[in-house]
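What follows is a set of notes on a single structure, which appears directly below.
The basis for the numbers below is simple: all heavy atoms, side chains too, and nothing from hydrogens, waters or symmetry mates.
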Amino acid sequence: MKVFVAGSTGTIGVPLVRALVAGGHRVYGLTRRPSNGPLLTSLGAEAVVADAMDRDALLAAVDGLTADAVIHQLTALKRPPARHRDMAQTDALRTRGTAHLLEAARMIGAHRFVTQSMIFGYGYGDWGDRLLSERDRFGPPGRGRFEQHVAAMRSAEQQTFTTDGVQGVALRYGLFYGPAGAIEGLIERLRRRRLPIPRDGGGTMSWTYVDDAAAATVAALERGRAGQAYNVVDDEPVRWREFLDVLAQAIGAPPPRTMPGWLFGLAPYAAAMMTSTLRVSNAKAKADLGWEPRVPTYREGIARIADTITTRSP
């Protein structure tokens with residue numbers, strides 16, 4: 001297939017483009033920066049330079065192209081978000097950016113549209129021991145300013161599923177981690193002891209190794225059912241304390257500091273991420289897509305990260 005990838009040089013974009021090319025697909029990679037052209041060329045893709053938030057510029061950039069599918073992987077998260085305002089650009093990409101990309105998809109004749117969503121769309125908060133699946137309500141009204149983030153994920157999925165002439169699929173990823181940019185910010189904060197955790201150890205989260213996320217995206221492109229959402233997470237949710245303790249030990253960093261919960265109010269979005277409990281099932285993705293995470297738990301994933309860091313060391 002000819003595949004147009006928006007967010008082609010991001011955390012998941014690079015391994016995704018690599019996987020698509022390896023699978024025999026022809027890839028057009030959307031990027032805002034002409035300087036990313038050589039990277040996309042090295043991955044085997046053709047660069048298309050435009051800002052997805054600029055509708056007219058995007059449509060002008062794709063004029064004359066043809067593609068079978070569009071994959072939406074756009075975010076604006078250069079570092080882990082701490083405050084609500086840190087999510088504003090990503091929220092806009094999920095609302096207006098999705099609308100622009102769907103218009104571009106129709107223009108270039110794409111019949112498939114795969115969009116990035118997140119497990120936080122089930123709702124920020126503590127779901128306890130409940131294992132969430134795609135049968136659970138997605139995009140319930142959020143509390144206070146969290147509604148704007150939930151609403152953005154809700155909008156991205158609804159637009160994807162209801163646009164005429166497009167077979168839409170949504171992927172609800174867990175928190176990304178992996179080599180290179182996928183976790184560098186987290187590692188740097190951990191090494192400087194600038195990544196505190198709540199004294200009670202924080203919530204329990206479902207994670208996704210970026211290479212597994214890329215493989216699931218290719219599988220959804222090729223085999224996902226139109227109008228369906230799939231959770232893309234590993235096999236074992238883990239508490240924040242355990243994840244960060246294992247990561248710190250693997251990279252030779254000190255264990256994270258702990259803080260009383262009320263201090264996290266200074267960074268409300270980060271607090272919600274670290275105190276929410278989201279145990280999420282990947283059974284549907286396994287059954288429908290024929291996908292299995294090659295990194296089934298955080299233990300294997302962190303071991304891979306440590307190996308990568310050791311290999312890069314002089």
Side-chain angles (χ1 to χ4, degrees), residues 1 3 5 7 11-12 15-16 19-20 23 25 69-73 75 94 98 102 111-140 142 149-150 152-163 166-178 203-238 276-298 300-301:
M1 278 190 271
V3 185
V5 180
T11 296
I12 184 174
L16 173 58
L20 287 166
H25 299 291
V70 172
I71 300 179
H72 177 2
Q73 295 287 0
T75 65
R94 288 173 173 159
T98 300
L102 282 162
H111 61 275
R112 296 279 281 174
F113 192 94
V114 180
T115 196
Q116 179 188 122
S117 194
M118 295 293 291
I119 61 173
F120 282 111
Y122 288 112
Y124 298 83
D126 186 354
W127 291 88
D129 292 333
R130 182 174 175 181
L131 187 64
L132 297 167
S133 76
E134 295 84 353
R135 292 186 297 274
D136 286 288
R137 183 181 180 186
F138 190 83
H149 314 312
V150 175
M153 289 179 273
R154 185 192 310 134
S155 172
E157 292 203 9
Q158 288 176 345
Q159 291 183 73
T160 297
F161 296 150
T162 60
T163 298
V166 173
Q167 300 171 5
V169 177
L171 299 179
R172 299 169 181 170
Y173 300 107
L175 289 184
F176 289 142
Y177 77 117
T204 297
M205 191 56 54
S206 294
W207 292 76
T208 310
Y209 200 81
V210 289
D211 290 342
D212 282 332
T217 306
V218 176
L221 170 72
E222 296 173 344
R223 297 184 290 278
R225 291 185 286 140
Q228 296 295 307
Y230 297 95
N231 296 328
V232 179
V233 296
D234 69 16
D235 292 338
E236 185 179 331
V238 59
S276 292
T277 288
L278 288 162
R279 304 174 189 271
V280 180
S281 169
N282 59 17
K284 182 179 176 182
K286 289 180 174 180
D288 281 14
L289 306 180
W291 167 81
E292 292 274 350
R294 297 185 66 182
V295 182
T297 80
Y298 68 97
E300 291 92 341

The side-chain contact (heavy atoms from CB on, under 4.5 Å) partners of Ser276 (sequence neighbours excluded) come to Phe120, Tyr124, Met205
Taken in chain and number order and not counting sequence neighbours, the residues that satisfy side-chain contact (heavy atoms from CB on, under 4.5 Å) with Ala213 are Ile12, Tyr173, Phe176, Thr208
For Glu300 and Pro296 the tightest heavy-atom approach is OE2-CG, 3.8 Å
- prompt: Between the main-chain N or O of Val3 and the side-chain N or O of Arg112, is there a donor-acceptor pair closer than 3.5 Å?
  reply: no
May I have the step-by-step check of side-chain contact (heavy atoms from CB on, under 4.5 Å) for Gln116 and His72, ending in yes or no? CA-CA 6 Å; Gln116 179 188 122; His72 177 2; 5.6 Å; no
For Glu236, the side-chain contact (heavy atoms from CB on, under 4.5 Å) test, sequence neighbours excluded, returns Thr297, Tyr298, Arg299
Margin query: What I want to check is whether the side chains of Glu157 and Ser117 have a donor and an acceptor closer together than 3.5 Å.
Written below: yes
Between Ala69 and Leu221, the two heavy atoms sitting closest are CB-CD1, 3.3 Å
Name each donor-acceptor pair under 3.5 Å that joins a side chain in residues 280-287 to protein atoms two or more places apart or in another chain, with its distance.
residue, atom, partner, partner atom, Å
Ser281, OG, Ala283, N, 3.2
Asn282, ND2, Val233, O, 3.0
Asn282, ND2, Asp234, O, 3.3
Asn282, ND2, Asp235, OD1, 2.8
Lys284, NZ, Gln228, OE1, 2.6
Lys284, NZ, Ala229, O, 3.1
Lys286, NZ, Asp235, OD1, 3.0

Are the side chain of Thr204 and the backbone N or O of Thr277 linked by a donor-acceptor pair below 3.5 Å? no
Across all chains, not counting sequence neighbours, the side-chain contact (heavy atoms from CB on, under 4.5 Å) partners of Arg135 are Ser133
So salt bridge (charged side-chain N to carboxylate O under 4.0 Å, His left out) across residues 207-230, not counting sequence neighbours, yields Arg225-Asp288
Any donor and acceptor pair, going by atom type alone, linking the side chain of Arg279 with main-chain N or O of Trp127 inside 3.5 Å?
-> no
